[in-house]
Structure formats: C-alpha cells, structure tokens
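Worksheet for the structure shown next.
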Number of protein chains: 2
Amino acid sequence: MPNSKYTAIYESLRHRIETGEYRYEELLPSENMLVGEFGCARGTIRRALNELGLQGYVQSIHGKGVRVLYRPTAQAQFTVGNIESYEESALRNHRVPGTHVIRFERLTADEAVHSRTGFAVGTELVYIERVRMLNELPLIFDINFFRADIAAGLTQEIASHSIYRYLEQELGVAIGSTRRVITVERCTALDQQYIDLEDYNCMAVITSSTYTADGILFEYTQSRHRPDQFLFVSQAQRKKNRR
Amino acid sequence: MPNSKYTAIYESLRHRIETGEYRYEELLPSENMLVGEFGCARGTIRRALNELGLQGYVQSIHGKGVRVLYRPTAQAQFTVGNIESYEESALRNHRVPGTHVIRFERLTADEAVHSRTGFAVGTELVYIERVRMLNELPLIFDINFFRADIAAGLTQEIASHSIYRYLEQELGVAIGSTRRVITVERCTALDQQYIDLEDYNCMAVITSSTYTADGILFEYTQSRHRPDQFLFVSQAQRKKNRR
DNA sequence: GCCGATTTGTCCGTATGTATC
DNA sequence: CGATACATACGGACAAATCGG
C-alpha cells in the first residue's frame, strides 16, 4: 500500500470523490478540517490536494475552498497523466489484451536511428514490431526500441506478453518519466497489412520517449492506433502571473 | 513578473537549461547549493524543481541528484501542460493567425447539448463556429460553447480575433483548468467545406472543457485539426508505490 | 465600504528517513 | 561505515482572497 502519508490521503479523498461522497461542484472540507481528520500537518494535506488537482479531480479557489471538478462518466476511464503499460490499460478498460510479435532483432544505433529516437550513435538496441489486439481485434501497431543493456535478457516470448512487467518485476528497472507526442499520420503499408483499417487512411500515433528513474533514455516507442479506438486525456492548469 | 519566489527560481533554472548552461543528462547543483545561491528555504527550491519535473525538464534521482532531461530541438516548441489560446500558440510558433467566423448565435442548453457538453439544461450559451487560419491556410475548424453570463458582451467581431484575450483582459475572467480529450474522427461535411483536407478522411480533434478559477464550467470546445498540422505533447511520471 | 473570520497561497526552519556513493 | 543528496513530514508565520455582517 502507499508508503507515504500524503499518498494515502490522496487515495482516500479520490475514493470519496469517485463514490460521490463529495459531489460535483461541491467544496471539500477546509484544509484545517482535513488536518483534524487525518491527524497530519497542513502541508501534507496540501500535497494530496495538489495531486488531486493535477489529475483533474479538484480545483482550489483562493480564499474560498477546494471545488470538485470530477463527474462520473459512463465512458471508459482512460485517465492519463501517469504511465501505464498496454496490458494495464486494457485490463482497466475490461478488454482482453493480446500481442503478436512481427519482428524481434538486435541492432546498433546509426545516425538515422539517432536522429529519430535520440539514442546515441553506437548504442546497442533491441528492435521490436508488434500487433496489439483487444478482444481478438488487431487495433494497434507498436514499434519499440529498447536499450539492450537495460532490457537485458529480453526475448521474443517476453515481448509477446508484457515487456514492462518483465523490466519492472524481473529486472527491477525503475521507470521514471515519459514524454509523449501525439500526431496523426498517413497509414503505411505495414499498418494496412496488420491492422483492420476499414477505410481509414490515417492512424493516431503516440510517440513516447521513456526514461528510467536514473534519468537515462531507455525506450523509444511508436504506438499506432486505429483512429476510432483511440482516446487520450490530458489535464492542464492556466499559469497565473501573466499581465 | 513572477510574484512568487518559487516561480522566479523555476524561470531562472528553466532558462539555464534551455540555454545549455545545464546540459542534457547533467546533474543540477544540489538542493542545498541552490538554497545558498537563491537565499531561500529548501522547500522553495523543491517546489521549483517539482515544477520543472512536471514540465519534463528534469528528473530527480533519490540520493543522487536532479538530472536534466531537456534537449534542445529544431522542432517548433509546442509545449503543453499549460493552457494557451490559439493566438498565443500561433505566435509562439511564428505563424500568422487568422480567423473567419461561420456562425455566431445564442442558444439555451437542452438535453442533447447537456449530454454533449456538460452544461446544465437551461443554461444560456453562445454558440460559435470558426475557421482558423495559419499563414492564410484554413487548417482548423473550431466549435465553441460559452456560458453567456460569463462571456457577457461577446460579439462576432471579438470572436474573429481572440475570445480569450477579451475574457481575460476586458472582462477579467480568471481561467483555471482544462480537461482535454484527444481523438481522431471521420471528417464531416463542414470539415470538408471549410478546411483544405487534401485526401485525408479524418481530423485530429481536441475536445476541451474549461473551468474558471472559481471552478465553474464556462467553455466547451471542439477544435478539429487537419492531421498533418497537428501535434500534441504530454509529460507523465510513473507512479511509485506499486508492488 | 469597512472589518473580521475563514480559507487558500507562500515561505521558513527543522527533524527524520532513505538511497547513493 | 560515513558523507551527501533527495523525500517526507511537522509546525509556525504571514499574505491574499472571499464572504458575511
């Protein structure tokens, strides 16, 4: 379970919001009330509230209180703002994940790979192409580059399940942060070959660069989605201090 | 200028990173060093560093230091994670913005509008359709719903420039947070009529719900982009505490 | 319009825990 | 093991915004 107090408070408040105990547009109990309830310092409450704000659950209003923004929705919850493996996303949306490995090989980064992925020239990499299925339907085409030294012992068999689970649970690799770029691109011959595209002529593409907790780039991935099965959520705050 | 110390420190460190004073994969000076330099408490430094992490500039490594993730890129900087008006984005990417208003009318939210936008039934709204141009090319089709009481005095003339500037600078509306959902949708007859689509048969769509600083929903917008002119960036952290 | 109570925002100093080297 | 660096938490102080009387 959460090993920090502020995370526990965050989870607790989030649960209350999701179950409707605190309702849409209502104000939460004041920070001082929460300090009393949870028996902690105000800074700890504020940290939990800040996290709720970043995830779009609440918004603080200076001098007034903290308002609930969250509304329950029928739509599958595809919360983003944190990092999830394909397997985790599929299961959370109650779909059955499946993977078919198309290519699996080792290569050394040359100038072309460097400028595309950011890996230094000469870096040893594992290159993988996979078709991802949801409830048996081929919907996503994935292209991965992993640093071979960090993803040591990676096999085609592992790639047909969850690489992230292998990295985190078997190798103990700690994952830090990801930068994602979302674009829409014309579909390629590979897309058409492996994905049931109907008459779409483009794909929704998530290009992500992932760093270990040590701040080292270890993965570059292109995830190409059939347009109608793609949804991405993002939460943002307006900067103040503009005049 | 920034009216808080941690924002000033954030700006200062960000500038150093962007200009290459702190380089990619380097470690920043330790928090205690920065405390000395900026003459503040450690918590203030940590708050600035936290912000840099959220924006993808750095990543903290427990027991070791804070590593720079940012790499200068030739690509136009399309940072997201904060809220920008169309005009602001265009100018930051050195393009000339232009707007053509197609429809401008008032309406009252009925059940259909409610389930689409989230505005309560009976809410008075302003409905706008606009074609957005970049360097004279029609590339984006925007559909807006604004709460009429908050966007008071909004005219077609204002809509042909920047509605946000009017709201913020003329009316003093404070904008809080936005929830954005990105999807790819088949193009509609309106898209085809107003946007030069070449042979694309879909559009990149950003659907956003924006709240005032008071936490009141006041805008619901669909921004439909021609696929090749669309790019969206998002930064995420891996949650810890999983076992 | 002013005042006072409440509430969030910023900042400080300190203490302790934990990971890295 | 010790020194260094980041992570969490506490408590206190004051500023700034909101709201009711």
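Residue numbers start from 1 in every chain, and the chains themselves are labelled A, B, ... in the order their sequence lines are given, proteins ahead of strands.
A salt bridge is absent between B/R16 and B/E26; no separation between the charged side-chain nitrogens and carboxylate oxygens falls under 4.0 Å.
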Quiz item: Quick one: what's the B/S/- string for nucleotides 13-21 of chain C, heavy-atom cutoff under 4.0 Å, read 5' to 3'?
Solution: ----BBBSS
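Under the 30°/60° scheme for interplanar angles, the aromatic rings of A/Y164 and A/F218 are found to be tilted. Relative orientation of the B/Y10 and B/Y57 rings is perpendicular, given thresholds of 30° and 60° on the angle between their planes.
Listed nucleotides D/dC6, C/dT8, C/dC11 differ in distance to B/T44; the shortest reach to its side chain belongs to C/dC11.
When the C1' atom of D/dA17 is taken as reference, atom CZ of A/R67 falls 14 Å away, rounded to whole Å. Across the protein-nucleic acid pair, B/R46 atom CZ and C/dC12 atom P stand 15 Å apart, rounded to whole Å. Between the CD1 atom of A/I45 and the C1' atom of C/dT7 there is a distance of 14 Å, rounded to whole Å. As rounded to whole Å, 13 Å separates atom P of D/dA7 from atom CG of A/N3. The nearest whole Å value for the distance from the CG atom in B/L34 to the C1' atom in D/dA5 is 12 Å. Following rounding to the nearest Å, A/I9 (CD1) and D/dT8 (P) show an atom-to-atom distance of 13 Å. Atom P of nucleotide C/dT8 and atom CG of A/L49 are separated by 8 Å, given to the nearest angstrom. Atom CG in B/L52 sits roughly 15 Å away from atom C1' in D/dC6 (whole-Å rounding).
The nearest pair of heavy atoms linking A/K64 to A/L27 is O-CD1, 4.1 Å. The heavy-atom pair separating B/A159 from B/I163 by the smallest distance is CA-CG1, 3.8 Å. Here the shortest heavy-atom pairing between A/F119 and A/L217 reads CE2-O, 3.5 Å.
Nucleotide D/dC1: unpaired (no Watson-Crick or G-U wobble partner with both distances less than 3.5 Å).
In summary, the side chains of A/E157 and A/T155 do not present any donor paired with an acceptor at a separation below 3.5 Å, with no hydrogens or angles considered.
Residue-level contact check: B/R47 touches the backbone only, with heavy atoms under 4.0 Å from sugar-phosphate atoms and none from bases.
Applying the 4.0 Å criterion to OP1 and OP2 of D/dT8, one finds that A/Y6 has a side-chain N or O inside that range.
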